[in-house]
K.L.:
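This is the structure, below, for whatever I ask next.
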Amino acid sequence: MTARRRFRRASVAIGGGLLVLLGLLGSALPVLPGMVFLVAGLLLWSTEFRWAKQLLTRLRQWIEDRADTGRYLRGLGFRSRPHRAGEEEGD
């Protein structure tokens with residue numbers, strides 16, 4: 001692993017950790033939007049860590065499974081997995 005790659009990975013780990021920490025604080029303090037920071041931290045971590053990508057996928061599925069939120073997000077066109085080229089909507 002090159003020095004540049006190690007620096008990027010460390011930066012992502014620290015930045016994602018700070019966002020997740022803010023998200024946890026936001027769950028206790030009413031002035032911070034906790035879920036926003038948690039998801040942002042997971043999104044950042046998922047660029048470098050496979051476990052974070054899997055956790056983010058499970059979180060998306062959990063949110064879609066909630067009746068009201070899932071219907072709202074599907075109405076906006078969100079999907080639990082990325083759309084691949086050549087894939088039909090019903091697949």
K.L.:
Write down the atom of Leu32, the atom of Leu22, and the distance for their closest heavy-atom approach.
P.N.:
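Shortest heavy-atom separation between Leu32 and Leu22 comes out as CD1-O, 4.0 Å.
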K.L.:
For Arg58 and Leu55: C-alpha separation, side-chain torsions, deciding distance, then whether side-chain contact (heavy atoms from CB on, under 4.5 Å) applies.
P.N.:
CA-CA 5 Å; Arg58 287 192 351 226; Leu55 184 60; 3.9 Å; yes
K.L.:
So if you build clusters from Ile, Leu, Val, Met, Phe, Trp, Tyr with side-chain heavy-atom gaps below 4.5 Å, do Leu29 and Val36 land together?
P.N.:
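Per the 4.5 Å side-chain linkage, Leu29 and Val36 are not co-clustered.
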K.L.:
Might you point out which heavy atoms bring Arg9 and Glu48 nearest each other, and give the distance in Å?
P.N.:
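In this case the closest contact between Arg9 and Glu48 is NH1-O, 3.2 Å.
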K.L.:
Does Leu19 share a hydrophobic cluster with Met35, counting links as ILVMFWY side-chain heavy atoms below 4.5 Å and allowing steps through other members?
P.N.:
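In one cluster with Leu19: Met35, yes.
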K.L.:
If you measure from NZ on Lys53 to CG on Leu56, what distance do you get to the nearest 0.5 Å?
P.N.:
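The CG atom of Leu56 is 9.0 Å from NZ of Lys53, to the nearest 0.5 Å.
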K.L.:
If I compare all heavy atoms of Leu42 with all of Leu59, which pair ends up nearest, and what's the gap?
P.N.:
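That closest heavy-atom pairing would be CD1-CD2, 4.0 Å.
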K.L.:
Applying the 4.5 Å side-chain criterion to the ILVMFWY set and letting contacts propagate, would Leu43 and Phe37 be lumped into a single cluster?
P.N.:
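In one cluster: yes.
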K.L.:
Give the minimum heavy-atom separation between Trp45 and Ala52, together with the two atoms involved.
P.N.:
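Taking every non-hydrogen atom into account, CB-CB, 3.6 Å.
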K.L.:
State plainly whether one hydrophobic cluster holds both Phe7 and Leu18, where clusters connect Ile, Leu, Val, Met, Phe, Trp and Tyr through side-chain heavy atoms under 4.5 angstrom apart.
P.N.:
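Per the 4.5 Å side-chain linkage, Phe7 and Leu18 are not co-clustered.
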